[in-house]
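A, B, ... follow the sequence lines: proteins, then strands. Residue 1 opens every chain. Here the structure is a predicted model, which is why all the values come from computation and not from measurement.
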Amino acid sequence: MMKYLIAMIVLMLLISVQAQADIVVVVHPSSRLKNLTQQQIIDIYMGRIHAVEDTNRIVPYDQPQDSELRASFYQHLTGRPVAFINAYWARLLFTGRASPPRQVTDNMSIVDIVEKDPNVIGYIDERNLNDRVSVVFKIITHAQQ
Amino acid sequence: MQRLISSILIGLTLLFSTSELAAQESKEPRFRLSGFGTLDVTTAGTKQIGYHNEFSHAPQYGGASIFSGSVGGLQFDADLLPKLSATVQGVVKERTKYDLFNFLDWAFLRYQVTPDTTIRAGRMGIDLFMLSEYRNVGFAYLWARPVIEFYMPISLSHFDGFDIKYSRRIAPGFLEFKAYGGQTGSDITVSRGDLSLRERPFFGANASLETDHWKFRLTYASAEVHAIRNQPYHQLLSALNNVPAALWPQAAEIAGHVSAEGKRSSYYSAGIAYDKNAWLVQSEFAWFSSKWPSVNLTNGYLSVGRRFGPVTWYSIGSYAKSLNSPLNLRADPATPANIAKLQEITQTAFNRTLIDQNTFSLGVRWDLNHQTALKAQWDHTWVRKNGGGFLITREPLTHDTALDTFSVNLNFIFK
């Protein structure tokens with residue numbers, strides 16, 4: 001009985017650690033963007049800027065609306081809850097200022113889109129990172145920062 | 001019938017919101033249809049005092065209404081060229097006058113001149129205050145309805161013309177300048193009946209600075225009354241202008257005082273918002289300056305909110321006060337009866353436009369999911385004698401009074 005209990009606790013700890021993986025912001029390996037600041041990422045994902053310095057127009061992609069990764073990304077990036085971000089984008093959309101980042105279904109969809117288009121920027125769970133994309137910013141979300 | 005059509009259109013937007021229009025897209029769409037809506041129930045007013053939270057709404061004399069706060073809107077965006085896009089937005093809600101002029105809130109072309117500069121031309125939202133371009137989109141703001149004292153005096157929702165916007169990041173935050181010009185107008189309900197107003201030229205500018213947790217905003221706008229249509233207004237002016245000077249020497253001067261045509265109004269406002277560590281604070285103050293007494297006032301509010309997960313509780317304190325004193329035309333006992341009656345009508349008409357009221361509000365917003373929010377709000381409003389200009393009454397208020405307003409609404413968007 002005690003073994004099962006310990007196994008359950010270890011499993012729960014693992015799940016808990018797994019759920020708190022870091023988030024990486026990624027672009028195409030050939031992109032002229034090599035490093036971005038947190039402020040630049042905020043401005044891109046809040047619809048304030050559409051290019052960085054002399055780059056082409058940057059097209060941001062988002063995780064699914066109700067995903068935990070999206071909520072964690074905006075909370076750590078802007079310090080605001082995802083409900084604020086949703087209302088904020090409603091403001092921009094319905095004042096004709098900007099359209100919210102397009103959304104895909106999962107991490108690998110972001111990787112697929114970024115791999116095909118040098119103008120696209122996206123963010124993924126770090127565990128899905130591979131050499132098809134380059135990291136321009138990392139958001140440390142777990143306790144051992 | 002018009003209410004039925006409004007209800008059907010609001011229902012259709014709700015239906016769209018549950019459809020697959022919000023499906024995932026991996027390619028950049030050239031055309032987008034999005035929408036918003038509010039399904040609202042409000043209890044307000046009394047048998048003697050008509051309440052409306054926008055001048056363009058019919059008054060509510062007690063009981064519950066699903067029309068005073070319900071709204072439905074559809075927006076169509078098209079990317080025509082890499083730097084050129086078009087937006088059309090139609091809004092269905094209770095109005096004094098139902099026609100295309102009022103239904104079509106926006107129809108404009110937008111051109112990105114440089115990464116920092118955008119110009120637009122066509123019909124656009126009037127950008128006078130924090131909520132001005134999205135006051136119909138309940139999901140986009142905290143309260144169950146815009147603060148009456150601050151947002152009600154501006155019955156204008158759009159203008160026809162152009163605007164130019166310049167924005168860029170500077171050291172303390174994100175800076176934005178906007179200038180605009182054109183013409184505007186509105187069809188509203190006042191105590192003297194339906195009133196149609198057209199204003200030109202209309203122009204203005206605003207500046208805002210947004211940091212991580214603060215937003216500051218300054219606004220200036222100016223408009224000149226070009227045409228006004230309201231039967232009692234014209235009858236009164238005509239009567240005043242036809243009074244022989246020997247009987248009432250001040251009649252022509254008073255006619256000039258209450259008339260609107262050709263008079264310019266200026267609007268100045270300052271706003272500040274703070275959002276950090278679950279606290280949301282927002283405040284705006286404005287000053288209207290005009291030789292037309294109906295729009296000569298000052299107003300403002302302070303809103304404080306606190307988030308608890310998906311639920312945000314908030315409280316608002318607000319005021320609006322006319323800068324003109326009540327007119328007091330005491331009839332000389334020797335004045336002929338018909339002139340004394342005209343003096344009484346003039347005094348009543350003038351004093352009924354004056355505003356002097358405060359509201360304290362408590363409310364809650366619950367974000368149900370990424371596109372739906374449920375809100376509830378209670379307002380307690382104190383209205384002073386000769387200060388009921390926001391209300392619909394047969395006579396000017398002869399004593400102080402208080403009103404309670406309660407609303408529950410479901411706000412949604414789809415995109």
Practice item. Drop me the distance from Ile413(B)'s CD1 to Leu93(A)'s CG, to the nearest 0.5 angstrom. Key: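 So the gap between those two atoms works out to 7.0 Å.
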
Practice item. Heavy-atom distances under 4.5 Å only: say whether Asp367(B) touches chain A with side chain, backbone, both or neither. Key: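 For Asp367(B), the side chain is the part near chain A, not the backbone.
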
Practice item. Calculate, to the nearest 0.5 Å, the distance between atoms OG1 and CG belonging to Thr95(A) and Leu131(B) respectively. Key: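 The distance works out to 11.0 Å.
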
Practice item. Please examine the side chains of Gln65(A) and Asn369(B), heavy atoms only from C-beta on, and report whether any two atoms are closer than 4.5 Å. Key: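 Answer no - side chains too far apart.
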
Point to revise | Smallest separation among heavy atoms of Arg365(B) and Ala87(A), with atom names | key: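 Looks like NH2-CB, 4.1 Å.
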
**Study point:** Electrostatic pair Glu210(B):Arg48(A) at N-O distance under 4.0 angstrom
**Key:**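 Arg48(A) and Glu210(B): salt-bridged.
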
Review point. Do Pro115(B) and His50(A) come close enough that some side-chain heavy atom pair is under 4.5 Å?
Key: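 Pro115(B) does not reach His50(A) side chain to side chain.
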
Check your understanding: What pairs with Phe137(A) under ring-ring contact (aromatic ring centres under 6.0 Å, His included), at least two apart in sequence or on another chain?
Key ->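 Not a single residue meets the ring-ring contact (aromatic ring centres under 6.0 Å, His included) criterion with Phe137(A).
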
Practice item. Would you mind checking which part of Arg120(B) comes under 4.5 Å of any heavy atom in chain A, side chain (CB onward), backbone (N, CA, C, O), both or neither? Key: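 It is the side chain, since no backbone atom gets that close.
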
Practice item. Return the minimal non-hydrogen interatomic distance between Arg32(B) and Ser99(A), and the atom names on each side. Key: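 Nearest heavy atoms, Arg32(B) then Ser99(A): NH2-OG, 3.0 Å.
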
Exercise for review: Could you give me the CA-CA distance, side-chain angles and deciding distance for Asp127(B) and Arg97(A), then say whether salt bridge (Lys or Arg N to Asp or Glu O under 4.0 Å) is met?
Suggested key: CA-CA 12 Å; Asp127(B) 196 5; Arg97(A) 289 175 170 224; 3.7 Å; yes

Check your understanding: Closest approach of Arg91(A) and Ala140(B), non-hydrogen atoms and distance?
Key ->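 Smallest interatomic distance, heavy atoms only, reads NE-O, 2.9 Å.
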
Review point. Top residue by heavy-atom pair count (under 4.5 Å) with chain A, among Asp212(B), Leu142(B), Asp116(B)?
Key: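 So the answer, after comparing Asp212(B), Leu142(B), Asp116(B), is Asp212(B).
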
**Study point:** Spatial distance of atom CD (Gln112(B)) from atom CZ (Arg57(A)) [nearest 0.5 Å]
**Key:**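 The CD atom of Gln112(B) sits 6.0 Å away from the CZ atom of Arg57(A).
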
Review point. Stepwise, does the side chain to side chain contact (heavy atoms under 4.5 Å, CB included) test hold for Ile49(A) with Arg169(B)?
Key: CA-CA 9 Å; Ile49(A) 60 172; Arg169(B) 176 159 286 287; 5.8 Å; no

Practice item. Select one option (side chain, backbone, both, neither) describing which atoms of Asp43(A) are under 4.5 Å from chain B's heavy atoms. Key: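 For Asp43(A), the contact with chain B is made by the side chain alone.
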
Check your understanding: Quick one: side-chain contact (heavy atoms from CB on, under 4.5 Å) partners of Thr219(B), sequence neighbours excluded?
Key ->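 Testing Thr219(B) for side-chain contact (heavy atoms from CB on, under 4.5 Å), a comparison that skips the adjacent residues, returns Leu128(B), Tyr180(B), Asn206(B), Arg217(B), Tyr267(B), Ser269(B).
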
Point to revise | Minimum-distance pair of heavy atoms, taken over all atoms of Ala98(A) and Arg110(B) | key: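 Of all heavy-atom pairs spanning Ala98(A) and Arg110(B), the closest is N-NH1, 3.9 Å.
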
Review point. What are the two closest heavy atoms between His370(B) and Asp66(A), and how far apart are they?
Key: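 Smallest heavy-atom distance, with atoms named: ND1-OD1, 2.8 Å.
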
Practice item. Compare all side-chain heavy atoms of Ile42(A) with those of Phe174(B) and state whether any distance is below 4.5 angstrom. Key: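 A side-chain contact under 4.5 Å is absent here.
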
Practice item. Give the member of Tyr134(B), Tyr141(B), Phe108(B), Phe139(B) that has the highest number of heavy-atom pairs under 4.5 Å with chain A. Key: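 Looking at each option in turn, the highest pair count goes to Tyr134(B).
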
Point to revise | Atom pair CZ (Phe94(A)) and CG (Asp77(B)), whose distance is rounded to the nearest 0.5 Å | key: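 Nearest 0.5 Å value for the CZ-CG distance: 8.5 Å.
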
